Every structure is written in C-alpha cells, then in structure tokens.
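Here's the structure we're looking at; comments come further down.
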There are 2 protein chains.
Amino acid sequence: MKEHFGCPIQATSNVIAGKWKVLILWHLSFASSRFSELRGLLPGVSEKVLAAQLRELEEDRLVIRTITQTVPPRVDYRLSPAGEELIPIMRKMCEWAGVHLGVLPNFTQRSIGAVGSK
Amino acid sequence: MKEHFGCPIQATSNVIAGKWKVLILWHLSFASSRFSELRGLLPGVSEKVLAAQLRELEEDRLVIRTITQTVPPRVDYRLSPAGEELIPIMRKMCEWAGVHLGVLPNFTQRSIGAVGSK
DNA sequence: CGGCATCCTATGCGATACTG
DNA sequence: CAGTATCGCATAGGATGCCG
C-alpha cells in the first residue's frame, strides 16, 4: 500500500500510479479476466510486475481476486465497487489528455489486443 | 516530460504523478504564488525537488512561469487553462478518496497537514 | 496456470552546498 | 530570491528461473 500523505488527491493518485494499473482497471471495467488474459492484454509486462500490481490493487480494494482451486488453478480478477467508481474519473482524465496532451482517447481500443466486450 | 505510453489515462496520471505536483496544482488553484511561497506551503520539500517539479509542470503546460527581472528576482507561478481544467478532476479524486480510502476531503485546508497513512 | 525468489538497473527523491 | 550542482539512498520495475 502506498503512502497517502494525508492528502486525498495524492491518495487517489497513488493507488493508480503503478505503471500498469490504469490499464488493468480499464480492461477489468469491460470484463473480469484471468491472470493470463491480463498478461496477454498488457504486452511487455513481466509476470512478477503484473502480480505485484494486482496485489497492490487488491490491497487498495480496487480489484477482487477470486481463486478457484482446480488443476490447473484458476484466478479471476474483477473490479470492486470502489474500482468501478474510479472509471468515470479515468474517463475524465482520458478526455483531458485528448484535449491538452494531444493523446487521443480511444475507448474502442481495448488496448493493443482487443477482446470482445460484454 | 513523462512517457505517455500512448494511453491517455496514463498520460494524465503521469503528469500529476510527482510527489508534490497535486499539492502544487491545488495551491495554485487558489492563488498564483512565488517560489518561496510554494516552498512555505509545502513543508518538507527541498528546493531542488520543488524546482524540478515546477519545471516538469511547466513542460507539461499545466503551470505558467512568469519571471520579473528585478533585484531580487521575482518568479510567479500560476495555473494554465489546461491546469485549471484539471482541478475538477482532482476534486473528484478527492471525493473518491474520502469515500473509499477514508481520507477526508479538505477543501478549506489550504495547507494540508501531513498525516501519514500506512 | 499463476505465481514467488533473486538479481539488476533506472530514477525519483532528499540533504547539503553553492550562485547570479 | 530563486534557483543549480553534487552526492547518496530507496524503490519501482525488468529479466530470468523455479515451483505447487
């Protein structure tokens, strides 16, 4: 868990500050995913880092981890209510970047590898 | 300037990700300030780091730096239009933190007393 | 399949000293 | 007053290998 400094804006900024976290949250806003699915959606992430980011998101109560004890094991990640309420804010950030940073919002681009949405 | 990864949400997240940046933006949303005023508003920041954060905010076009060549020199920082449009988003982040992280929003608290959390 | 353990590098940040 | 220059540490993140 990150330090919050007593400032709520920093607190929110910190929980999404990891390199892959907003992408993870964004993908999970369309559909819950397994570990390997997320890895496929995030080209370039290592397993160690992906696991770490997911652990921190879980600690911060943004995502919920569901383990199914089978062989092979199955682990599903999905947004918590808190995580879902973050999505509208991320959408605002997306729009702001489009206007002020020249980075175009791309809601259809489920990222580099598009997957069917629900 | 930070890397944007081609993702607009990350782009926005990155420009406010510095340790002191949201506090700087927050203070400047109330009044433009001189370098020494900001230093006084941010207890614990070193001059080097404050200067660096301000330089990055300037590069990202969130703040505008106005130099008055007098003796002693005077430098004023204020929000750009882009910076001002970020404030409503930061307010949303503030409210979200209050609900989901238990970090209370404090809009009147112009100098935010640091209370570490975890 | 979904992870840890280990090693490594890059860099953000802090402390201090100096300067135009 | 408003910065730079230098040093040093802590940590995030990447590469690789092993495991239940």
Side-chain angles (χ1 to χ4, degrees), chain A residues 1-7 10 13-25 27-28 32-60 62-78, chain B residues 1-5 7 10 13-25 27-28 32-60 63-78 114 116-118:
Chain A
M1 180 91 80
K2 305 275 189 166
E3 194 180 357
H4 289 166
F5 306 110
C7 168
Q10 285 179 311
S13 177
N14 284 340
V15 298
I16 64 170
K19 178 167 178 180
W20 305 93
K21 289 187 184 177
V22 298
L23 288 178
I24 293 170
L25 295 171
H27 285 302
L28 293 183
S32 61
S33 303
R34 303 180 61 177
F35 185 87
S36 55
E37 290 173 336
L38 283 172
R39 200 178 42 175
L41 289 167
L42 305 172
V45 71
S46 72
E47 296 180 347
K48 183 199 102 172
V49 173
L50 178 56
Q53 305 265 299
L54 286 167
R55 285 290 177 282
E56 291 182 20
L57 288 172
E58 191 190 5
E59 283 179 33
D60 289 324
L62 301 191
V63 309
I64 296 171
R65 186 159 164 265
T66 307
I67 308 167
T68 310
Q69 274 298 1
T70 55
V71 178
R74 177 191 181 96
V75 180
D76 281 274
Y77 295 91
R78 68 181 205 276
Chain B
M1 184 92 80
K2 304 277 188 168
E3 193 180 359
H4 287 166
F5 306 108
C7 168
Q10 284 179 312
S13 177
N14 285 339
V15 299
I16 63 172
K19 176 166 179 180
W20 305 93
K21 289 185 182 177
V22 299
L23 289 178
I24 293 170
L25 295 171
H27 285 303
L28 292 183
S32 61
S33 303
R34 304 178 62 176
F35 185 86
S36 55
E37 290 174 334
L38 283 172
R39 201 180 38 177
L41 289 168
L42 305 172
V45 70
S46 72
E47 295 181 345
K48 183 198 105 172
V49 172
L50 178 55
Q53 304 265 299
L54 286 167
R55 285 288 176 284
E56 291 182 20
L57 289 171
E58 190 189 7
E59 282 178 33
D60 289 324
V63 309
I64 296 171
R65 185 158 163 265
T66 308
I67 308 168
T68 309
Q69 275 297 2
T70 56
V71 178
R74 177 190 179 95
V75 180
D76 281 274
Y77 295 91
R78 66 192 158 89
S117 165
K118 210 170 190 182

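Please read all numbers here as calculations on a predicted model, not as lab measurements. By convention in this document, chain letters (A, B, ...) are assigned in the order of the sequence lines, proteins followed by strands, and residues within each chain are numbered from 1.
Contact of Lys48(B) with dG14(C) (side chain to base): a donor-acceptor pair of N or O atoms is detected under 3.5 Å.
Here dA15(C) is the nucleotide among dA15(C), dG3(C), dG13(D) with the atom lying nearest to any side-chain atom of Ser46(B). For Val49(A), taking side-chain heavy atoms from C-beta onward, the closest of the listed nucleotides dA2(D), dG13(D), dG2(C) is dG13(D). Among the nucleotides dA2(D), dG3(C), dG14(D), the one closest to any side-chain atom of Ala51(A) is dG3(C).
Rounded to whole Å, the distance from CD1 on Ile67(B) to P on dT4(D) is 10 Å. In this entry the distance linking CG of Leu50(B) with P of dA15(C) reads 14 Å, nearest Å. Atom pair Trp20(A):CH2 and dA12(D):P shows a separation of 17 Å (rounding to whole Å applied). At whole-Å resolution of the value, CD in Glu47(A) and P in dA5(C) are 14 Å apart. Taking atom CG on Leu54(A) and atom P on dC4(C), their separation rounds to 10 Å, with Å as the unit. Look at CG on Leu42(A): it is 14 Å from P on dG2(C), rounded to the nearest Å. What separates CZ of Arg65(B) from C1' of dC1(D) is a distance of 12 Å, to the nearest Å. Rounded to whole Å, the distance from CG on Asn14(B) to P on dG13(D) is 10 Å.
Considering only side-chain N and O atoms, Arg39(A) lies nowhere under 4.0 angstrom from the phosphate OP1 or OP2 of dC1(C). Proximity of Gln53(B) to the phosphate of dC13(C): a side-chain N or O atom is located under 4.0 Å from OP1 or OP2. The side chain of Ser36(A) contributes an N or O atom lying less than 4.0 Å from OP1 or OP2 of dG2(C). For the OP1/OP2 pair of dG3(C) and a distance below 4.0 Å, the side-chain nitrogens and oxygens of Tyr77(A) include at least one atom meeting the criterion.
Nearest heavy-atom pair, Arg65(B) versus Val75(B), reported as atom, atom and distance to 0.1 Å: CG-CG1, 3.7 Å.
Contact of the Leu38(A) side chain with the Leu28(A) side chain is registered, since non-hydrogen atoms from C-beta on lie closer than 4.5 Å. For the pair Leu42(A) and His27(A), the minimum side-chain heavy-atom distance is below 4.5 Å. Side-chain contact check for Ile24(B) versus Leu50(B): some heavy-atom pair is nearer than 4.5 Å.
Of the two residues near DNA chain C, Val75(A) and Val45(B), the one whose nearest nucleotide lies more 5' is Val75(A).
Between Asp76(A) and Arg74(A) there is a salt bridge, since at least one side-chain N of the basic residue sits less than 4.0 Å from a carboxylate O of the acidic one.
At a threshold of 4.0 angstrom between heavy atoms, the contacts of Gln69(B) with the nucleic acid are absent. Among the protein residues, Arg34(A) comes within range of the sugar-phosphate backbone only, with heavy atoms under 4.0 Å from sugar or phosphate atoms but none that close to a base.
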